[in-house]
Number of protein chains: 2
Amino acid sequence: MLYRDVKRTLIADISSGAVPPGGALANEADLAKRFGVSIGTVRRAVDELVADHILVRQQGRGTFVGKLDRERFMFQFFKMARRDGPAEFPAVKLLSWLKSRATQAEARLLGLVAGAAVFRIDNLLSLQNNPLMHDRIVLDASLFSGLTQAQFEQRAGTIYELYQMAFGVTVVGAEERVQAVAVSQDSAELLGLAVGSPALRIERIAFTFDQKPAELRVSIVDTRDADYVSRLVGQSN
Amino acid sequence: MLYRDVKRTLIADISSGAVPPGGALANEADLAKRFGVSIGTVRRAVDELVADHILVRQQGRGTFVGKLDRERFMFQFFKMARRDGPAEFPAVKLLSWLKSRATQAEARLLGLVAGAAVFRIDNLLSLQNNPLMHDRIVLDASLFSGLTQAQFEQRAGTIYELYQMAFGVTVVGAEERVQAVAVSQDSAELLGLAVGSPALRIERIAFTFDQKPAELRVSIVDTRDADYVSRLVGQSN
DNA sequence: AAGTGGTCTAGACCACTTG
DNA sequence: AAGTGGTCTAGACCACTTT
């Protein structure tokens, strides 16, 4: 399982920051020399990392560490799409920001001890100036130590890009659990719904390499005009 | 793009029934001879079909056409899981069966003309004897010509396995659109909910090779005890 | 023991991007 | 022109399953 070792080392290089987001990997021949394997073996390791969207290959240019920019966020992490049109990047407005302590349930989901310090960040997301959903993000404060509200609000790109650039926390995947709920008064006001209307509740645990949880996010979504879209694999061309 | 040609030919062999579900492919060396390419090129084509779950490799035994059995159905097409436990195969009870004509919306989703002949099949799915969800399936009658209620009720395996075995229709993927709705009286009675309670509505279009739509299915799901679970990729080990 | 897929090698040539 | 990834070859040996 040589290619496994190569893959592990490449992941270590990325998660340690030795190769930064957007940075180029060494070329395939050099990697092969460094690891003492053939180019084919390097390619196999890189193939898998490309399949996971951790690396991006560009023929003729090189292989780069994938940035969690808008395009990737839309592709991988934003599943809502209006029924009448194509997917679109949402406008995000910060509603509240506070440092707090994890409840027992939050601690379990994030792999922390109950009462651990966390950041709580609430956002309102809109499409075409219409409120669509409301996110409540919970972050392990020790993983994002020093994060400030100003830093969060003034970020240039996506939230995950901020995690990656400023804290070396690369979100590589997530698990979402979706259910239907009756909206509370708070959510109803934010989304322009009647209290008790049906809405989606999405609980997302985003994780980094090694499946380590990095973020807990609970979204309440108005699905009068948009759907949660899920593709059950199967390309085959 | 030799391996692309190999892949296309293998797909043609499968969808034509030349290699039946569960049947073995020729071994890699023979395939290489047949296509006049190296084993590595055959492997690449087969790799992609395995990634799409169309083929299954078993070291030392051979490569087989994947059957749409319970295991695969659970893995790929059944996303509901109880919050208190692991995923579990649902019991399916036929509620109604009739031959009818496609509405305009159904025809659009299935790629038919409005008024085309369709089968309408309603099922109730339960976990641990508790009703969980209610499916309304719409099938193009010309694609499943000769399908009878008895055949449907007496099938041995999954519904998709019946499509595959009896009609040569292999479902390889699907797109699901999920929204929250207030349940109608019919659904409420079936699921033991109060009328107007929030529930998930899942609209699934299942497709075969070439993305041709094969089935439309609308599910109403009670999420008091179970979630719709979605994994946003990212393995990376 | 024979046959299968799983991994790996050490090249080759092609397509694409950049200076 | 030089450098990169993309594809392909023709082997080799290993791990596993079946006879």
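We name chains A, B, ... by the order of the sequence lines, and we start the count at 1 in each one.
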### Query
Just checking Arg43(A): base, sugar-phosphate only, or nothing, at a heavy-atom cut-off of under 4.0 Å?
base
#### Entry: Listed nucleotide nearest any side-chain atom of Arg44(A), set dG6(D), dT7(C), dT4(D)
dT7(C)
#### Entry: For dA10(D), the Watson-Crick or wobble counterpart (both distances under 3.5 Å)
dT9(C)
#### Entry: Exercise: do Glu176(A) and Tyr228(A) side chains pair donor with acceptor under 3.5 Å
yes
### Query
Closest to the Asn27(B) side chain: dT4(C), dT9(D), dA10(C)?
dT4(C)
### Whole-Å distance separating the CD atom of Glu28(B) from the C1' atom of dG6(C)
8 Å
### Between dG3(D) (C1') and Leu25(A) (CG): distance, integer Å
16 Å
### Message
Output the rounded distance in Å from CD (Gln59(A)) to P (dC16(C)).
### Response
6 Å
### Query
Is it true that a side-chain atom of Ser219(A) and a backbone atom of Val221(A) form a donor plus acceptor pair closer than 3.5 Å?
no
### Task
Measure the distance from CZ on Arg57(A) to C1' on dA15(C) and round it to the nearest whole Å.
15 Å
### Query
Of Lys7(B), Arg8(B), Arg34(B), which meets salt bridge (Lys or Arg N to Asp or Glu O under 4.0 Å) against Asp13(B)?
Arg34(B)
### Task
Answer with base, sugar-phosphate or nothing: what part of the nucleic acid does Val37(A) contact at a heavy-atom distance below 4.0 Å?
sugar-phosphate
### Query
Over how many whole Å does the gap from Ile39(B) atom CD1 to dT7(D) atom P extend?
20 Å
### Task
Please tell me which of the listed nucleotides, dT17(C), dA10(C), dT7(C), lies nearest to the side chain of Tyr3(A)?
dT7(C)
### Message
Side-chain N or O of Thr41(B) versus OP1/OP2 of dT7(D): is the shortest distance under 4.0 Å?
### Response
no
#### Entry: Spacing of Phe64(A) atom CZ relative to dG3(D) atom C1', expressed in whole Å
12 Å
### Message
So that I know where these two stand, are Phe144(A) and Phe119(A) an aromatic pair - ring centroids less than 6.0 Å apart?
### Response
no
### Message
Can you tell me which nucleotide in dG5(D), dG5(C), dT7(C) comes closest to the side chain of Thr63(B)?
### Response
dG5(C)
## Note on the structure
Under a 3.5 Å limit on both distances, the Watson-Crick or wobble mate of dT18(C) is dA1(D)
### Task
Report the residue (Ala29(B) or Val42(A)) whose heavy-atom-nearest nucleotide on DNA chain C is the more 5′ of the two.
Ala29(B)
### Query
What's the CG-P distance between Leu31(B) and dT4(C), to the nearest Å?
11 Å
### Summary
Nearest-nucleotide check on DNA chain C, Arg61(B) vs Gln58(A); residue mapping nearer the 5' end is Arg61(B)
### Pairing of Glu28(A) and Arg57(A) as salt bridge, 4.0 angstrom limit
yes
